[in-house]
Amino acid sequence: MNGPSRALLKDKRSLAEITAQFQALLKRYAATRSLAKVKLLHGHTITADMLHSSLGSAEDVRPYMVVSYSRCGEVRYARKLFDELPQPGVVVYNHMMRICVDRGEYFGVLKMFVELLQLGYCAPDKYTFPLVFKACSELSSVELGRVIHGQTLMSKFGSGTIVQNSLLAMYMNCGQKEEARKVFDAMKEKSVVSWNTMINGYFKNGCAQTALVFFNQMVDFGVEIDGATAVSVLPACASLKKLNVGRRVHAAVEKKVLGNNIVVRNALVDMYVKCGSMEEAKSVFDGIVEKDVVSWTSMINGYILSGDVRKALVLCKAMQIEGIRPNSVTIASLLSACASLKYLNDGRCLHGWVMRQKLDSEVVVETSLIDMYAKCNCVEVSFGVFARTSRKRAAPWSAMLSGYNYNGLAAEAVGLFKQMLMEGVKPYEVTFNSLLPAYATLADLQLAMNLHCYLMKSGFLSTIEIATSLIDIYSKCGNLEFAHKVFNAIPEEIKDIFSWSVIIGSYGVHGHGKTAVSLFSQMVQSGIKANEITFTSVLHACSHSGLVDEGLNLFKLMLKDQKTNPGDDHYTCIVDLLGRAGRLNEAYDLMIRMPFRPSHAVWGALLGACVIHGNVELGEIAAKWLFELEPENTGNFVLLAKLYSALGRWEDAENVRHLMNDVGIRKEPAHSLIEVRKM
DNA sequence: ATTGGGGTCT
């Protein structure tokens, strides 16, 4: 026997002295992560306990044991000792919570926190709160986070920079950027971490622009950037394609020597790739001495984005020669490239490789395989892959749904969705992106009502995009009443330009022009500015219902508006509107004064109107242009022939029909055979 | 003893 135990046996010193020695030793061992020594000491404490039956000293030492074990990563012992402690203090609690965080047991953190609050003899401290906020953040529990935020404000830790930083991260990760902003603005001392958290948080919440604003402010304030700043701001530059800002960050990285960090280098490669500068991406990539799988994957993705899938595949080989194995992300990236280019063979090769590498059970890989086969129009193979997945996660189901949708199999998509629900898989928002169009295609009222019911119960209907799709589905089913009910149920303040456009369009398509126009003015009154899409919907509605004056007024409104420029669609609507009303010359005058050359659609609208009203003069002009703009469209010949026949000009009609048959064979420009009198 | 951080797909 040696060390402290022997000291205890001899009992030359007081218990307090020995306890202090134990504590000091344990602290040192914890700092140096010396697990073996901690274990030895643990043994000594047990011996000491037995010999002296003086638990007093051991009670002072055991909390230190817990801390040391947890620092050394020996979770089992730490847990056991912790459970045996009669009165664990806040420090021990903090260490146990840290263990939970490291193991991803966030609910355990919350349980311990509540326990700690109920103890009565001690309270959470500045080390406790960051751990608890981390747990709230990972569990996406803002409600709880807010409560604990309130608690920090009541305590003296609410003004601590580190506590506030973890609070920022919690709000940002829960999607509450406004609340994060309030905390940030109120912070007395902002550290570089605070700025980084804001930049990164805004980017993650879809506000890349604001992320850059914060970055610029940070630089203006003279805050020294670090590696995490670079890693947070570069993706924002990438998504906004701000090559110049990216280059400035790169320069700062070089100046501050942050580039030893491979994470920073990889972020730079990705930024250059996304900004389309492959030369710069390659030069950063070449400069990385020890490239990891992320460096390679970013570069591979770069070649894919620049359209060189062959080179991407070559690089994938090169990386393996260098001894780096592609991971599921690399594969997912390559497979998505094969999908969009319909490279079925390369996709199959990758599939085989993935199976041999045993990467085929990763969800991302499964999902991209399903997507790749579907995009290559091999739905059966796609389903085969899908059937072999564990089917517990929503992603493969979503991929399969979008696969069915892509291949025009709407009924299958709806059937699969039902099965998904029966198997208890919870969809997420993007699942509906591919599912809802299928319902619109089927246009089955009973199915739509079932869906409506589900969306209400599951709460997804409160998502504006999904509610908007449902309006469209009801409209496609011909049920404007339900469509309008769904529209009315959307709270006024979240109705956006898209939901208004869809309801206006729905009334327009079903010939209720007046309602469409009145909805349009309601929208403007509610403070939403019309855009090109809404104008298309409302003008379409006018032309469908023959509301000439209303249509012309709206069109004038559009011309006056600086923000909305009439495009081809709008001219098509107006020409159609005037044409149907028999005001053909007005329509033609408008076309001549158009700021750009009328497309086939505009000419088509004019020709259609000429047929209705028997106007050969303008009809021939329109036909001449149409034959030039879309020589393959035989419909235009049919229309012109119809125009001639209606006026009893049988011979001309017959000629046009011959012409139509010839075009397919001779590819001779048809318009040369038609005499154009005026143009 | 604490806080923030890279590439893909859904």
Side-chain angles (χ1 to χ4, degrees), chain A residues 27 30-31 67-68 70-71 90-92 94-95 97-98 101 125-134 137 157 160-170 172-173 180 190-201 203-204 225-235 238 258 261-271 273-274 281 285 291-302 304-305 326-337 339 362-372 393-403 427-434:
Chain A
K27 263 191 181 170
V67 171
S68 302
S70 92
R71 295 278 292 158
V90 64
V91 179
V92 184
N94 290 342
H95 276 87
M97 285 158 102
R98 165 98 268 159
V101 167
D125 66 6
K126 61 173 178 168
Y127 295 105
T128 319
F129 288 114
L131 291 162
V132 180
F133 285 136
K134 171 79 179 171
S137 151
F157 307 111
T161 306
I162 293 178
V163 170
Q164 286 176 323
N165 284 345
S166 61
L167 197 49
L168 292 179
M170 187 272 293
M172 280 303 195
N173 286 333
K190 301 176 177 73
S191 69
V192 60
V193 176
S194 326
W195 287 97
N196 292 349
T197 308
M198 292 308 278
I199 294 170
N200 186 27
F203 175 71
K204 273 203 225 136
I225 69 160
D226 67 5
T229 317
V231 168
S232 302
V233 75
L234 285 171
L258 302 169
N261 187 346
I262 189 151
V263 179
V264 175
R265 296 257 140 199
N266 289 344
L268 281 169
V269 173
D270 179 59
M271 181 275 295
V273 156
K274 300 250 171 76
F285 176 77
K291 305 174 181 67
D292 66 4
V293 61
V294 178
S295 330
W296 286 95
T297 304
S298 307
M299 206 58 199
I300 287 172
N301 194 36
I304 291 173
L305 291 177
N327 64 10
S328 49
V329 179
T330 324
I331 299 303
S333 185
L334 284 166
L335 281 173
S336 77
E362 299 248 354
V363 183
V364 272
V365 175
E366 289 174 341
T367 309
S368 5
L369 278 171
I370 294 167
D371 186 55
M372 184 273 293
R393 303 268 298 264
W397 289 88
S398 290
M400 198 59 231
L401 286 171
S402 101
Y428 53 115
E429 273 170 46
V430 294
T431 309
F432 295 100
N433 290 345
S434 36

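Basis for what follows: all heavy atoms, side chains included, without hydrogens, waters or symmetry-related copies. Small disclaimer: the values here were computed from a predicted structure and weren't measured.
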* B:dG5, B:dT3, B:dT10: which one has an atom nearest the side-chain heavy atoms of A:Ser398? -> B:dT10

* To do: Evaluate the criterion side chain to side chain contact (heavy atoms under 4.5 Å, CB included) for residue pair A:Ser298 and A:Phe285; output intermediate values, then yes/no.
  => CA-CA 9 Å; A:Ser298 307; A:Phe285 176 77; over 6 Å; no

* Structure fact -> Checking B:dT8, B:dG5, B:dT2 against the side chain of A:Val264 (C-beta onward), the nearest is B:dG5

* To do: Would you mind classifying the nucleic acid contact of A:Asn173 as base, sugar-phosphate or nothing, using non-hydrogen atoms under 4.0 angstrom?
  => nothing

* Asked: Between B:dT8, B:dG7, B:dT10, which nucleotide has the shortest distance from any of its atoms to the side chain of A:Val364?
  -> B:dT8

* Taking atom types as modelled, is there a side-chain donor on A:Asn196 or A:Ser232 under 3.5 Å from an acceptor on the other? -> no

* Of the candidate nucleotides B:dG7, B:dC9, B:dG4, which contains the atom at the shortest distance from the side chain of A:Lys274? -> B:dG7

* To do: Could you tell me the separation between the CG atom of A:Asp371 and the C1' atom of B:dT10, rounded to a whole number of Å?
  => 9 Å

* Structure fact -> Of B:dC9, B:dG7, B:dG4, the nucleotide closest to the side chain of A:Val193 is B:dG4

* To do: Describe the nucleic acid contact of A:Lys291 in one word from base, sugar-phosphate, nothing, applying a heavy-atom distance below 4.0 Å.
  => nothing

* Reckon A:Lys27 touches a base, only the sugar-phosphate, or nothing at all at heavy-atom distances under 4.0 Å? -> nothing

* Would you indicate, yes or no, if B:dG4 has its OP1 or OP2 atom less than 4.0 angstrom from a side-chain nitrogen or oxygen of A:Lys190? => no

* Asked: B:dG4 phosphate, OP1 or OP2: any side-chain N/O from A:Asn200 under 4.0 angstrom?
  -> no

* Determine the contact category for A:Phe133: base if any of its heavy atoms lies under 4.0 Å from a base atom, sugar-phosphate if only primed atoms, P, OP1 or OP2 are that close, otherwise nothing. => nothing

* Are OP1 or OP2 of B:dA1 and a side-chain N or O of A:Lys126 less than 4.0 angstrom apart? -> no

* **Minimum-distance nucleotide (side-chain atoms of A:Asp125 versus B:dG5, B:dA1, B:dT10)** => B:dA1

* Structure fact -> Separation of B:dT3 atom P from A:Met170 atom CE, nearest Å, is 15 Å

* To do: Would you mind reading off the distance between A:Met271 atom CE and B:dG5 atom P, rounded to a whole angstrom?
  => 20 Å

* Asked: Of the candidate nucleotides B:dT3, B:dG7, B:dG4, which contains the atom at the shortest distance from the side chain of A:Asn196?
  -> B:dG4

* Send over the distance from A:Tyr127 OH to B:dT2 P, rounded to a whole Å. => 8 Å

* Spell out yes or no: do the side chain of A:Asp226 and the base of B:dG5 have one donor N/O and one acceptor N/O closer than 3.5 Å? => no

* **Spacing of A:Ile304 atom CD1 relative to B:dG7 atom P, expressed in whole Å** => 15 Å

* To do: Could you give me the CA-CA distance, side-chain angles and deciding distance for A:Asp125 and A:Thr128, then say whether side chain to side chain donor-acceptor pair (under 3.5 Å) is met?
  => CA-CA 5 Å; A:Asp125 66 6; A:Thr128 319; 2.8 Å; yes

* Asked: Which part of the nucleic acid, if any, lies within contact of A:Val67, taking any heavy atom under 4.0 Å across all strands shown: a base, the sugar-phosphate backbone alone, or nothing?
  -> nothing

* Rounded to the Å, how far apart are A:Met372 CE and B:dC9 C1'? -> 13 Å

* To do: Determine, stepwise, if the pair A:Ser368 / A:Asp371 fulfils side chain to side chain donor-acceptor pair (under 3.5 Å).
  => CA-CA 5 Å; A:Ser368 5; A:Asp371 186 55; over 6 Å; no

* Provide, to the nearest angstrom, the distance between the CZ atom belonging to A:Phe203 and the P atom belonging to B:dG5. => 13 Å

* To do: Go through the side-chain N and O atoms of A:Ser434 and A:Ser402 and say whether any donor and acceptor fall under 3.5 Å apart.
  => no

* Considering only side-chain heavy atoms of A:Lys204, which listed nucleotide, B:dA1, B:dC9, B:dG5, is closest? -> B:dG5

* So what does A:Asn261 touch, heavy atoms closer than 4.0 Å: a base, only the sugar-phosphate, or nothing? -> base

* To do: Go through the side-chain N and O atoms of A:Lys204 and A:Asn173 and say whether any donor and acceptor fall under 3.5 Å apart.
  => yes

* Structure fact -> In whole angstroms, the gap separating C1' of B:dT2 from CG of A:Asn94 amounts to 9 Å

* Asked: Checking all strands, does A:Gly227 fall into the base, sugar-phosphate, or nothing category for heavy-atom contacts under 4.0 angstrom?
  -> base

* Asked: Nearest to the side chain of A:Tyr428, which nucleotide is it out of B:dT10, B:dG5, B:dA1?
  -> B:dT10

* Asked: With sugar-phosphate meaning primed atoms plus P, OP1 and OP2, does A:Ala267 contact a base, only sugar-phosphate, or nothing at under 4.0 Å between heavy atoms?
  -> nothing

* To do: Taking only the side-chain heavy atoms of A:Ser298 (C-beta and beyond), determine which of B:dT2, B:dG4, B:dG7 contains the nearest atom.
  => B:dG7

* To do: Using side-chain hydrogen bond (donor to acceptor under 3.5 Å, both in side chains) as the criterion, list what pairs up with A:Ser194, not counting sequence neighbours.
  => A:Asn165, A:Ser191

* To do: Check whether any side-chain nitrogen or oxygen of A:Arg98 sits under 4.0 Å from OP1 or OP2 of B:dT3, and answer yes or no.
  => yes

